[in-house]
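Worksheet: one structure, shown below.
Since the model is a prediction, treat every value here as computed from it, not as a measurement.
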Amino acid sequence: MAEPKYFAHPNVSYRGNPYIEGLGMPLSSAQFYANCGIPFHYELDLSGVDESLHSYFIRTAIDQLAAVYTSPDEAYRLYDQMRRMIEAGYVRRNPVGADVRRILAAIDRDKAEPWKAAHVLELELSVQYSLLLLGLSGRGKSTMVKQICRQIPQTIEHGDYTDHHGNEFVINRIQVTYLYIEVHDRRGQKALLLNLLESLDAVTGEDYSHAHRGRSVNELISVVQKAFISHGVGLLILDEAQNLAKSAKSEVISNNEKTTMKFLEELFNRVGIPLMFVGTLATMKLFESEMTLTRRATKNGSMQLVSCDLESSFWHRFIRLICQTRLLKNQTTSEDVLRQHIHYLSAGIPAIATSLVRVTLSYLTHLKPQDQDLSIAALDRCFNRDFRILNPALTALRNGAYYQFEDLSPMLILESVASGHEVAQQVQPQSGTHLLQGDVKLSNKSQKIDVKQQKTLEQLSPELLLGQLGYHLDTGKPK
């Protein structure tokens with residue numbers, strides 16, 4: 001639990017609010033990237049170890065590549081947005097004065113019909129936006145969000161507070177700046193509400209989830225809202241958002257009713273708590289009937305992470321970090337060649353690239369010293385030996401059918417492996433122009449996707465498909 005780092009906020013509208021000023025100064029871009037990076041460290045003391053076992057212990061060092069991290073080019077922009085969302089959400093929830101008491105009183109008065117929230121809506125607390133972070137599996141969405149969260153103190157213990165006029169106040173509150181939860185298996189409303197309380201309990205030491213486990217969904221709505229307001233929750237981050245259910249025309253409230261994006265948005269937006277949804281590109285399907293949420297998300301912007309740009313700063317830094325060729329005896333292939341070929345094999349997906357390099361480095365340590373070169377041939381050999389099950393999905397991604405990368409069925413993968421079609425072939429470098437790269441931003445166009453059109457959409461190029469969905473591709477290169 002952190003101590004508040006009060007400062008006089010330069011934005012006069014934010015001054016005198018300990019929830020905002022207690023966050024301290026935001027990080028600069030240089031500070032952020034310095035804080036987030038996890039370099040590769042290893043120390044091997046092979047003295048007294050039989051030479052026949054040296055390569056084994058080198059492989060234990062290679063295993064440590066799973067823990068390294070360098071922030072994507074988009075990371076600071078996302079940190080900036082998340083931090084500003086937290087601050088903006090506190091403007092009408094100042095613990096100094098009557099804001100919090102008014103909100104809690106309104107929630108109490110709505111207990112009989114919490115979903116209608118007549119008294120809460122009168123307070124006009126709506127923050128008018130949610131933030132969307134969508135992208136391909138393995139692109140590093142969740143890891144990036146977690147690294148960003150580590151740069152923001154999650155809990156702040158407030159005691160005495162003095163505003164810029166010299167007025168003294170006793171706050172005595174534990175502020176929770178953000179909560180991060182994962183949405184699994186399209187859980188029912190009651191299960192998810194209890195999960196929210198469990199997450200709050202974990203960081204505050206309270207016992208809300210146990211004390212209220214027997215309550216109905218309607219009762220839990222009030223309990224969750226009051227608990228989140230009492231602890232000053234600044235931002236709710238919902239990962240794996242693609243697991244949320246599609247909304248019906250009218251929201252039904254019951255214990256086993258599946259949780260929708262609309263349910264969550266209305267539950268928290270009404271009391272002024274911003275939401276951030278993180279998910280795969282399949283999450284876009286939820287927005288076909290969520291135009292209100294889409295509009296709010298568009299106002300605040302959105303971010304989609306697809307195949308990494310070969311020439312981006314991130315991909316250069318990333319390859320330099322994972323290609324630890326100093327552990328080999330005879331490295332001759334240049335970093336530039338490795339950067340391009342690893343990008344082709346992995347289709348620009350960092351998680352796949354990291355696994356491929358680790359496997360190939362480990363394989364090379366079994367060879368004679370003169371053969372230990374992280375080369376195109378070595379990468380191809382290990383890719384075709386150990387990653388062939390991924391090849392159908394990666395081929396779809398390279399060909400521009402990126403929805404097949406997310407939705408390719410296990411049966412299709414198994415059929416491809418069994419038949420040897422395309423999978424068992426040696427990989428040959430091809431053009432990567434079909435890869436969807438850069439940021440994809442929501443447009444204001446309505447989004448309608450007929451189920452019968454799905455097969456047709458899967459055959460479209462990324463640009464045409466996004467146009468059908470109501471999106472446009474930002475082709476600008478990351479700086």
Can you name the side chain to side chain donor-acceptor pair (under 3.5 Å) partners of Asp160, sequence neighbours left out?
-> none

Just checking, any donor-acceptor pair under 3.5 angstrom between side chains of His231 and Tyr208?
-> yes

Would you call Glu87-Arg83 a salt bridge at under 4.0 Å N-O?
-> yes

Shortest non-hydrogen separation from Ser307 to Leu136 and the atoms involved = N-CD1, 3.8 Å

Heavy-atom donor-acceptor pair, Gln175 side chain to His158 backbone, under 3.5 Å = no

In short, Val170 meets Asn172 closest at the heavy-atom pair CG1-ND2, 3.2 Å

Trp115 six-ring centre to Arg270 NZ/CZ under 6.0 Å and within 45° of normal | yes

May I ask you to decide if the ring planes of His343 and Trp315 are parallel, tilted or perpendicular, using 30° and 60° as cut-offs?
-> perpendicular

With a 3.5 Å cut-off and no angle check, do the side chains of Thr70 and Arg317 form a donor-acceptor pair?
-> yes

If you measure only the distance, is there a donor-acceptor pair under 3.5 Å linking the side chains of Gln340 and Asp336?
-> yes

Identify whether the distance between the nearest side-chain nitrogen and carboxylate oxygen of Lys141 and Asp239 falls below 4.0 Å.
-> no

For Ser216 and Asn218, test the side chains for any donor-to-acceptor distance below 3.5 angstrom and give the result as yes or no.
-> no

Salt bridge flag under 4.0 Å for residues Arg139 and Glu74 | yes

Determine which pairs satisfy salt bridge (Lys or Arg N to Asp or Glu O under 4.0 Å) with at least one residue from residues 5-27, sequence neighbours left out, and list them in order.
-> none

So Phe318 and Phe314, would you call those rings parallel, tilted or perpendicular, with 30° and 60° as cut-offs?
-> parallel

State, to 0.1 Å, how close Ile156 and Glu3 come at their nearest heavy-atom pair, and which atoms those are.
-> CG2-C, 4.2 Å

Report the C-alpha distance between Tyr180 and Tyr178 in whole Å, list the side-chain angles of each, state the deciding distance to 0.1 Å, and finish with yes or no for ring pair (Phe, Tyr, Trp, His ring centres under 6.0 Å).
-> CA-CA 7 Å; Tyr180 172 96; Tyr178 65 86; 8.3 Å; no

If you measure from the Lys or Arg side-chain nitrogens to the Asp or Glu carboxylate oxygens, is any gap between Asp80 and Arg84 under 4.0 Å?
-> yes

Distance col, row Leu27:CG vs Phe32:CZ, nearest 0.5 angstrom, shows 8.0 Å

Just jot down the salt bridge (Lys or Arg N to Asp or Glu O under 4.0 Å) partners of Glu113, sequence neighbours excluded, or say none.
-> Lys116

With sequence neighbours excluded, what pairs up with Met25 under the side chain to side chain contact (heavy atoms under 4.5 Å, CB included) test?
-> Phe7

So, does Ser199 use its side chain to make a donor-acceptor pair with the main chain of Asn195 at under 3.5 Å?
-> yes

Salt bridge (Lys or Arg N to Asp or Glu O under 4.0 Å) partners for Glu198, two or more places apart = none

Do Arg150 and Gln147 have side-chain atoms, one donor and one acceptor, less than 3.5 Å apart?
-> yes

Output for pair (Asn17 CG, Asp99 CG), nearest 0.5 Å, gives 8.0 Å

Which residues share a salt bridge (Lys or Arg N to Asp or Glu O under 4.0 Å) with Asp110, sequence neighbours left out = none

